[in-house]
Amino acid sequence: MSTGFFGDIDPIPFEGPDSRNPMAFRHYDPDQMVMGKRMEDHLRFAVCYWHNFVWPGTDPFGGQTFDRPWFPANNMELSRHKADVAFEMFSLLRAPYFTFHDFDVKPDHDSFADNHRDLMEMRDIFAAKMQATGVKLLWGTANMFSNRRFMAGAATNPNPDVFAYAGALVKSCMEVTHSLDGENYVLWGGREGYETLLNTDLAQEDAQMGRFLNMVVEHKHKIGFTGQILIEPKPQEPTKHQYDFDVATVYGFLKRHGLENEVTVNIEQGHAILAGHTFEHEIATAAALGIFGSIDINRNDYQSGWDTDQFPNSVSEVALTYYYILQNGGFGAGGTNFDAKLRRQSIEPDDLLMAHIGGMDICAQALKAAAAMIEEGTLPDFVRDRYAGWQSAEAQAMLAGERSLDDLSARVLAEDLQPQPVSGRQEYLENIVNRYI
Ligand code: XLS
Ligand code: NI
Ligand code: NI
């Protein structure tokens with residue numbers, strides 16, 4: 001039964017690339033087969049709770065611009081209404097998954113027990129709605145950055161009682177995620193970082209964060225949660241220096257604390273850009289290190305230096321994203337989570353729908369382009385051929401630790417080696433990419 005929030009509309013249909021209907025998909029056709037798999041099963045779209053149903057449209061200069069019937073959602077009645085609209089939107093968009101923080105779905109209290117009670121009630125409401133709609137949980141997470149108790153961090157807080165509170169919160173949120181058959185659990189270290197070294201002990205905070213994540217992994221095994229634990233890297237914002245700067249930094253942290261086989265990464269487009277990387281750089285790095293998990297799709301404004309969380313709108317950018325994901329074997333338990341929000345002047349309910357329709361279509365178009373790049377083979381073949389010299393017996397011996405610098409020197413002299421450069425052919429390769437976009 002409809003909440004009336006979106007008016008009287010049907011689930012968004014697929015009408016094909018020639019459609020001029022703004023409330024229809026032009027490329028996202030869930031059942032279309034791409035490389036032997038349904039599009040829906042490749043993309044594994046998730047719609048997030050926080051940007052759509054919690055953020056009121058504020059910016060540093062102005063307050064609320066969105067007028068939603070469940071605002072300010074400071075009691076359970078309004079929270080239940082918010083859940084009705086959220087699940088209605090997931091269904092209208094035909095998104096197979098959603099994502100949420102505890103803080104998004106219920107009123108915020110000072111007492112842990114009050115928060116826990118409301119979270120349990122919402123869990124039961126979600127379980128019934130998931131059953132009724134078929135919408136599944138891609139991941140759950142704990143918000144350990146909004147309430148002022150977390151202003152100096154959660155796991156990295158100088159006060160051990162905040163560390164304990166954060167641990168208790170992750171325990172509840174992971175257990176709720178598990179009981180809703182969530183496929184992953186995310187930790188974004190929203191305030192795990194620092195503003196000034198003058199009040200910060202870096203070694204102490206690293207030890208705290210390492211122990212905290214180990215406890216999370218221990219608890220996952222204890223309760224039999226088989227989903228992935230995902231760390232979401234971000235270099236700055238809200239803190240000036242965030243510890244989970246980028247994929248490579250997170251990998252070093254995981255190695256240092258013995259977690260590289262337990263934890264993978266949730267990579268976000270806007271965070272990659274803030275770190276001075278491209279999204280595909282971060283994805284390919286995670287794949288090379290064996291820790292690729294999932295993605296948060298959005299885009300940043302390239303001029304602002306801020307995590308603007310806009311909906312993706314460039315096929316050429318997103319095509320390379322899926323190209324490297326497909327090269328890595330596609331998503332396992334991960335998926336494409338729209339961690340994206342409207343601009344604050346887009347105040348109508350159908351703006352929420354159109355933003356996702358456009359984003360889902362961009363991803364679908366990009367997936368088709370990426371699949372064509374792989375199936376046609378020129379790009380992967382080029383890279384393979386470029387490294388083909390490493391297949392020789394001598395090259396394999398160098399890699400396998402069977403040669404020393406003395407050996408290399410002796411051979412270079414004996415054979416009078418004078419290696420000749422070959423073209424990297426970047427423009428040729430860029431032209432090939434453009435064939436598919
Ligand atoms: C913020 C993060 C956040 C995480 C979930 O920048 O992207 O939204 O995805 O806590
Ligand atoms: Ni995110
Ligand atoms: Ni973000």
Side-chain angles (χ1 to χ4, degrees), residues 2-3 5-6 9-14 23-25 27-28 30 39-55 57 66 68 70 73 79 81-105 122 125-127 129-141 143 177 180-186 188 230 232 266 268-270 294-299 309-313 318 331 333-343 346 348-364 367:
S2 160
T3 62
F5 180 71
F6 295 105
I9 65 164
D10 292 324
I12 306 303
F14 168 72
M23 298 299 262
F25 293 118
H27 295 278
Y28 182 57
M39 213 182 238
E40 178 180 288
D41 300 332
H42 270 291
L43 293 163
R44 297 169 58 81
F45 284 133
V47 172
C48 82
Y49 226 91
W50 53 101
H51 288 315
N52 297 306
F53 308 111
V54 182
W55 179 60
F66 302 134
R68 309 297 194 211
W70 58 89
S79 300
H81 183 54
K82 172 161 63 171
D84 291 342
V85 175
F87 276 81
E88 182 170 357
M89 184 163 111
F90 306 151
S91 300
L92 286 174
L93 289 168
R94 296 195 286 152
Y97 292 98
F98 76 112
T99 53
F100 74 100
H101 306 79
D102 58 317
F103 185 88
D104 304 336
V105 304
M122 289 314 300
I125 290 171
F126 283 180
K129 289 185 176 298
M130 290 167 71
Q131 178 81 39
T133 59
V135 175
K136 295 170 286 183
L137 178 60
L138 185 65
W139 47 262
T141 187
N143 177 324
T177 299
L180 294 173
D181 291 322
E183 300 188 24
N184 307 269
Y185 184 82
V186 165
W188 168 58
L230 298 161
E232 185 172 319
N266 181 41
E268 179 164 321
Q269 163 106 9
S294 196
I295 63 171
D296 271 9
I297 194 100
N298 54 32
R299 80 178 201 277
D309 288 330
Q310 291 168 251
F311 281 84
N313 75 351
V318 183
F331 291 120
T336 304
N337 176 47
F338 282 96
D339 193 350
K341 63 182 187 235
L342 296 173
R343 297 307 86 192
S346 303
E348 294 297 336
D350 63 3
D351 287 317
L352 285 167
L353 297 173
M354 286 190 282
H356 285 88
I357 293 168
M360 290 162 83
D361 261 348
I362 290 286
C363 292
L367 175 77

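Bear in mind the structure is a predicted one, so any value in this text is a computation, not a measurement.
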Could you check whether any side-chain heavy atom of Arg94 comes within less than 4.5 Å of a side-chain heavy atom of Phe14, counting everything from C-beta outward? yes
Look at the side chain of Asp361 and the backbone N and O of His27, then say whether any donor-acceptor pair between them is shorter than 3.5 Å. yes
Using a distance-only test with no angle check, is there a side-chain donor-acceptor pair under 3.5 angstrom linking Asp309 and Asn298? yes
State whether the side chain of Thr141 and the backbone N or O of His101 hold a donor-acceptor pair below 3.5 Å, judged by distance alone. no
Could you tell me which residues satisfy side chain to side chain donor-acceptor pair (under 3.5 Å) with Gln310, sequence neighbours excluded, listed by chain and number? Thr308
Give me the ring orientation class for Phe53 and Tyr49: parallel if the planes are under 30° apart, tilted from 30 to 60°, perpendicular past 60°. perpendicular
Carefully, step by step, assess Asp84 and Lys129 under the rule salt bridge (Lys or Arg N to Asp or Glu O under 4.0 Å). CA-CA 8 Å; Asp84 291 342; Lys129 289 185 176 298; 2.6 Å; yes
Do the side chains of Leu93 and Leu353 get nearer than 4.5 Å, heavy atoms only? yes
Within the structure provided, determine whether Leu43 and Met360 are in side-chain contact (heavy-atom separation under 4.5 Å). no
Looking at residues at least two apart in the chain, or sitting in another chain, which of them share a side-chain contact (heavy atoms from CB on, under 4.5 Å) with Thr99? Ala46, Cys48, Trp50, Leu138, Trp139, Asn337
Phe87 and Phe126 aromatic ring geometry - parallel, tilted or perpendicular at 30°/60° bounds: tilted
Starting at CD of Glu268, measure out to CD of Glu232 and round the result to the nearest 0.5 Å. 5.0 Å
